[in-house]
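Chain identifiers are assigned alphabetically (A, B, ...) following the order of the sequence lines, protein sequences preceding nucleic acid strands; residue numbering begins at 1 within each chain.
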Amino acid sequence: MTARPELPKTYDPAEVEPRLYERWLAAGVFHEEADPARPPFIISMPPPNVTGRAHLGHGSTYTPMDVLTRYHRMLGENADWIPGQDHAAIATETVLVRELAKEGKTRNALGREKFLERAWAWREQYGGEINESFKRLGFGPDWDRERFTLDPALSAAVVKVFVDLYHDGLIYRGTRLVNWDPVAQSTLSDAEVEDEERDTFLWDIRYRAEDGGEGIVIATTRPETYLADVAVAVHPEDERYRALIGKNVVLPIVDRAIPVIADEAVMREFGTGAVKVTPAHDQTDYEIGERHGLPMPTVIDFDARISAPLWRYDETPERRAPIDAQALTMARYTGLDRFEARKRIVEDLRALGALVEERPYHTTIPVSSRSQAVIEPLLSLQWFVKMQPLAAPALDAYRGGVPRFVPERFGRTYAAGLENIRDWNISRQIWWGHRLPVWYTPNDEVVVAHDEDEAKRVTRERFGTDELRRDPDTLDTWFSSGLWPFSILGWPEQTPELEHWYPNQVMITSRDIIFLWVSRMVMLGMRFAGGMPFETVFVTPLVFDMRGRKMSKSLGNAIDPMTDLVPRYGADGTRFGILRQMRLESQELRFDERYCDEAKRFATKLWNALRYAVALPEDLPRANVLPAREKLTLADKWILTELRTCVEAVTRAYDGFEFGVAADALLEFGWYTFCDWYVEASKAPGQQETRAAVLSFVLNTFVRAMHPIAPFVTEEIWQTLPHDGATIVTASWPDLAELPTFPGDAATFRTVVEKVEQLRNVRSEWGIQPKDRMQVEIPATLEPERGVVEAIATLLRADVSTYEGGNGSLRDRILGVRGVADTAKLRERYTRDLAKLESEVARSEKKLANEGFIAKAAPDVVEGERAKLEDYRRELARVRAALAEVSSR
RNA sequence: GGGCGGCUAGCUCAGUGGGAGAGCGCCACAUUGACACUGUGGAGGUCAGAAGUUCAAUCCUUCUGCCGCCCACCA
């Protein structure tokens, strides 16, 4: 007899998980070289922010990536998962500025150089924190290929894309209305602006007519911007105002005349049907202004204070004159914060009698997702990407079926975004990021070049000067993330990695960044990397709390996987619990910790099944092989059949992104089929010859199927069993060709399970003590299967014998059991059964009496119904007899 | 305003055009060759409401209600 391993009684994830992870790292199991001989499988990890901490959202998007990478590696594919981090421009800069503030310093006082030095130092110190969390969660990306969006190679890719787009006319500089974040002191993309509900007022203000008439009453939520009004707009078909169109009205206080114009964008039903037009501070007004060729003075500055009028560079002196003249009058507001100015202006208008009405109004206002500051739309000279020409091919591709979205409906979200796309403001007034590769001559001539040397050369040749200053702005963080799937593979170099792993097989992300990020990767990938960056986009659900609220730090309902879940349930329990709740068509995941608890107990359960197998008096076989077929018992054949079914289901589920279904199938088989029934049945004497090999074989196969979801406990079990190879990570996926199936025998054993359940029920109802042996007869037709009698005897703690004839029911024979005490309970039970059966019989009879059913239903359905009715009637007769017998005692 | 998802047992969720399911919680029993992070049994639901299609609807269609998400220039 060989020495048996001493296995601890309880499975301890806290001890096992870090130990195994170290071993995997040491063995380099996560690293792959591009190998054209094998099918590629690659996932680009969506780079978390360098400031990021692991949160539950990572659980639902990153765990599927780990699962798929591990699964495809086991399938023998050239599977790799490339990790990295995003410099997260504004998000990081905000953190850094806050840090500085604690020391009483400011960004500007420090200066660009010093600030960036600090930023890099900060990144060195804290930037890797999230990786440690990922490791603790068991994620196995190829750490050797880790990338950072500010790496020199990735920065070079960014510069190349910028320069090429500029030379192709797709990047331009212009004065446009942008989203200004006065706290972050930078522009934001539309995607970084959120709507927030606020209670405010709607103010009706009268602008009198220049010729002395009544004029017009406009409704606004932003009275302070009236200083920059250039017109009042009404709907062209609005009878109320038709006479005023083309005439002038006068702005109160500042006494400046502006025209009344007609524009279709005005809604007659809203407010008074007349709207003030402030092109420099409102998107709709800007568009009206463009249509009518209106001047566009700005009166709110970058600090969100009222300023003297500021003009875009192309405004003519004639247009400026009246507004420049009003500056003297509006000096009383100049320098006031926009909200303070609003109060003052409303007061002044009221005093003047120009305020017609003030009514409470509930509305949404744009807020910075970075600083929470109220966004100020204002005109600014910025850099933009022309999106139409990039979006068009992406839309064509989508209509041709690529990329494929899972679930499909998210494709419509994506397409809708592309259809309504607007030019993308890419310049940011911050320092942490990719600096624009743009220089200016003293005459403001623009030079776009790959580097300073090239810029100088070009400038000398073209403008005959050496004097250059570089644009201080940096790029929107999504500019570099848009290149991610190919920049991390070495693009623009034609590397073997790019050759083999582009396009990626799948991109996994959550729906809130489908348009923000996915569409940009597609557009830039198609233009620069020669095609679609990925074949499939899998969209994971967003995580909510059990009350259906989005998890957030401010709500205090956020669950931190590193402190709340992993210590309690282990990485395996955390992963399994999260995945179990993922359902393909569902767009939200109301996280319920009980699934993690269940998963943890499942791991313990499996561990104990392993301990049982190892502690058997028979030795486990040396290799992972099954006994000869003719030796297998009915229970063996059944569990092997169920095992194969399970592996098939799990394979299908992984292939179809059905992670919840995969977890269901694993749990169902592992716990409720294998542990509860097979392990119990294996304790019967008739099972001894084969059980050690079968237990070992089933466990070995099962843990491989489960490994992608719960990598640690499966490794620990696999290592203890007979196995080939160094680690389960590189073991092969269960091969269906090696998994026998016995459908007939499995069906027979399933009836055994049913009978045992019925008899346990009877035992419980009869109040038979566990120490009292039940006496059971089973039909001799079941007996030829070796081990059935013993198995039932063991499962039921009963003496089992067989009888000839009979109709296969066990219940009628159980009446012979001695020592039944509680006839009242029994009568109650049978009465209830009787009622249930009678109603079933009635329902079935009615159905079969229905001519339509007989004529139109599928024949096998009718047959099935007839058979059911037969069963019900037999059972009914039996229960009646039993009830009579019990009642007569 | 447009689009989308959900509504099934106390809680969180599976599920199917033809006899309502799981886990947790609850009740009862149990220390049987691994496991109390256990086992066995049980109670508990007019499958949101209405109409329609169908021989048959929890499932398909339409409408309504409620919860939630996304998009949009309603000042």
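- Listed pair K605(A) / U38(B) fails the phosphate criterion, with no side-chain N or O lying under 4.0 Å from OP1 or OP2.
- Nucleic acid contact for V266(A): base, since at least one base atom lies under 4.0 Å from a heavy atom of the residue.
- Among the atoms of the strands shown, only primed sugar atoms or phosphate atoms (P, OP1, OP2) are found under 4.0 Å from some heavy atom of T221(A).
- Counting non-hydrogen atoms under 4.0 angstrom, W203(A) reaches nothing in the nucleic acid.
- Within 4.0 Å (heavy atoms only), R511(A) reaches sugar-phosphate atoms of the nucleic acid but no base atom.
- Note on T363(A): a side-chain N or O is less than 4.0 Å away from OP1 or OP2 of A75(B).
- Applying the 4.0 Å criterion to OP1 and OP2 of A75(B), one finds that R222(A) has every side-chain N and O outside that range.
- At a threshold of 4.0 angstrom between heavy atoms, the contacts of Y361(A) are confined to the sugar-phosphate backbone, with no base atom among them.
- As judged by a 4.0 angstrom heavy-atom cut-off over every strand, T604(A) is placed among the base-contacting residues.
- Residue R409(A) is in sugar-phosphate contact alone, with no base atom involved, counting any heavy-atom pair closer than 4.0 Å across all strands shown.
- Across all strands shown, N420(A) has no heavy atoms under 4.0 Å from either base or sugar-phosphate atoms.
- At C35(B), none of the side-chain N or O atoms of Y11(A) fall inside 4.0 Å of OP1 or OP2 (strictly under the cut-off).
- Pairs of Watson-Crick or G-U wobble type, with distances under 3.5 Å, assemble into runs of 3 or more in RNA chain B at these ranges: B:1-7 with B:65-71, B:10-13 with B:21-24, B:26-30 with B:38-42, B:48-52 with B:60-64.
- Here Q587(A) lies in heavy-atom contact (under 4.0 Å) with a base.
- Using a 4.0 Å heavy-atom cutoff across all strands shown, R268(A) reaches no nucleic acid atom at all.
- Remark on RNA chain B: of its neighbouring residues G852(A) and Y672(A), the 5'-side contact belongs to Y672(A), judged by nearest-heavy-atom nucleotide.
- Among the atoms of the strands shown, none is found under 4.0 Å from any heavy atom of V661(A).
- The shortest side-chain heavy-atom distance between E680(A) and T794(A) does not fall under the 4.5 Å cut-off.
- Ring geometry for F669(A) against F674(A) counts as parallel: the plane angle stays under 30°, on a 0 to 90° scale with 60° as the upper cut.
- Note on A857(A): a base of the nucleic acid sits closer than 4.0 angstrom, heavy atoms only.
- Listed pair K868(A) / G19(B) meets the phosphate criterion, a side-chain N or O lying under 4.0 Å from OP1 or OP2.
- Considering only side-chain N and O atoms, N761(A) lies under 4.0 angstrom from the phosphate OP1 or OP2 of G42(B).
- For U38(B), neither phosphate oxygen OP1 nor OP2 lies less than 4.0 angstrom from any side-chain nitrogen or oxygen of W607(A).
- The number of heavy-atom neighbours closer than 6.0 Å to CD of E419(A), taken from other residues, nucleotides and ligands shown, is above 12.
- Between Y207(A) and Y226(A), the angle of the ring planes lies from 30° to 60°, which puts this pair in the tilted group.
- At C24(B), one or more side-chain N or O atoms of R601(A) fall inside 4.0 Å of OP1 or OP2 (strictly under the cut-off).
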